[in-house]
Amino acid sequence: MIGVDLIKTSRMNRLIERFGEKALFRFLSPDEIKLVKNYKTASGFWATKEAVSKALGVGIGKECAFEDIKISKTDKGAPKLELSKKLIENFNIVDSSVSITHDGEYAIAVVAIQTN
């Protein structure tokens with residue numbers, strides 16, 4: 001299953017300007033916030049979580065919450081997904097991957113999820 005999401009980075013910038021770090025806590029864990037360098041990074045993380053929910057076909061909500069999706073980095077700095085036990089079991093997930101890119105005013109994430 002594949003999910004993709006696109007966000008205009010200025011939207012995230014306005015959110016952070018208005019609410020500060022509190023805005024990030026709405027969709028990121030403290031460990032994820034440590035990885036955020038600026039509003040563009042935060043935008044990529046938002047797009048990633050949305051793309052995961054779209055790949056699962058449910059959107060963000062009861063079946064797939066922001067907290068069920070964790071983003072970390074490999075030793076080489078590439079993003080990687082850590083999905084909750086709930087998601088893995090409910091959707092029979094065996095593997096996942098993510099790619100995040102930024103271009104001009106946009107952040108884009110593509111997520112691939114393999115299930116049984």
Side-chain angles (χ1 to χ4, degrees):
M1 299 181 293
I2 296 173
V4 64
D5 193 67
L6 168 90
I7 180 173
K8 194 165 187 178
T9 57
S10 60
R11 181 176 151 214
M12 183 61 64
N13 192 35
R14 284 192 306 274
L15 187 68
I16 294 170
E17 284 178 347
R18 184 168 179 199
F19 297 105
E21 193 175 67
K22 187 185 277 189
L24 299 177
F25 278 104
R26 293 183 64 196
F27 68 100
L28 296 174
S29 71
D31 286 338
E32 291 169 312
I33 290 172
K34 290 177 189 174
L35 298 174
V36 173
K37 298 174 184 170
N38 53 45
Y39 70 95
K40 290 184 178 189
T41 306
S43 297
F45 283 13
W46 175 276
T48 297
K49 292 191 178 202
E50 288 285 341
V52 168
S53 71
K54 290 174 181 179
L56 297 175
V58 295
I60 295 293
K62 182 180 176 185
E63 292 180 85
C64 177
F66 286 125
E67 299 81 27
D68 290 315
I69 307 158
K70 300 282 189 257
I71 303 162
S72 60
K73 299 274 185 157
T74 67
D75 292 339
K76 294 184 179 186
K80 71 177 188 176
L81 294 172
E82 297 173 20
L83 304 177
S84 70
K85 184 177 181 179
K86 174 183 102 176
L87 289 184
I88 292 168
E89 290 177 356
N90 289 350
F91 293 94
N92 297 312
I93 298 169
V94 294
D95 199 12
S96 64
S97 60
V98 60
S99 180
I100 305 170
T101 191
H102 301 83
D103 187 12
E105 294 287 317
Y106 296 93
I108 303 162
V110 177
V111 169
I113 294 178
Q114 181 182 352
T115 61
N116 275 338

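The closest side-chain heavy-atom distance from Leu56 to Ile93 is below 4.5 Å. Taking the side chain as every heavy atom from C-beta outward, Leu83 and Phe91 never approach each other to under 4.5 Å. Contact check for Asn90 versus Glu63: no side-chain heavy atoms found under the 4.5 Å cut-off. Counting only heavy atoms from C-beta outward, the side chains of Leu87 and Ile69 approach each other to under 4.5 Å. The closest side-chain heavy-atom distance from Phe66 to Glu50 is below 4.5 Å. When side chains are defined from C-beta on, Asp31 does not count as touching Ser72, because their heavy atoms never get closer than 4.5 Å.
For Trp46 and Tyr39, the ring centers are positioned 6.0 Å apart or more.
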Stepwise side-chain contact (heavy atoms from CB on, under 4.5 Å) check, Ile16 with Met12:
CA-CA 6 Å; Ile16 294 170; Met12 183 61 64; 3.9 Å; yes
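Annotation for Lys73: atom NZ counts as buried by contact number, over 12 foreign heavy atoms lying within 6.0 Å.
Smallest separation of non-hydrogen atoms from Lys40 and Gly104: NZ-O, 3.9 Å. Here the shortest heavy-atom pairing between Pro30 and Phe25 reads CG-CE2, 3.9 Å. In terms of heavy-atom proximity, Gly44 sits nearest to Ala107 at N-CB, 3.7 Å.
Although no hydrogens or angles enter the test, the distance criterion places a donor-acceptor pair under 3.5 Å between the side chain of Thr9 and the main chain of Glu105. Of the possible donor and acceptor atoms, one in the side chain of Asn38 sits under 3.5 Å from a partner among the backbone N and O of Thr41.
The closest side-chain donor-acceptor pair between Glu67 and Ser84, if any, does not fall under 3.5 angstrom.
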Listing, residues 109-116 side-chain donor-acceptor contacts under 3.5 Å, not counting sequence neighbours, or none:
none

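Met1 is connected to Ile60 through a chain of hydrophobic side-chain contacts under 4.5 Å among Ile, Leu, Val, Met, Phe, Trp and Tyr, so both are in one cluster.
With Glu32 as the fixed residue, the salt bridge (Lys or Arg N to Asp or Glu O under 4.0 Å) test singles out one of Lys80, Lys49, Lys70: Lys49. A side chain to side chain contact (heavy atoms under 4.5 Å, CB included) with Ile108 is found for one member of Ile100, Ile7, Thr101, Thr48 and no other, namely Thr101.
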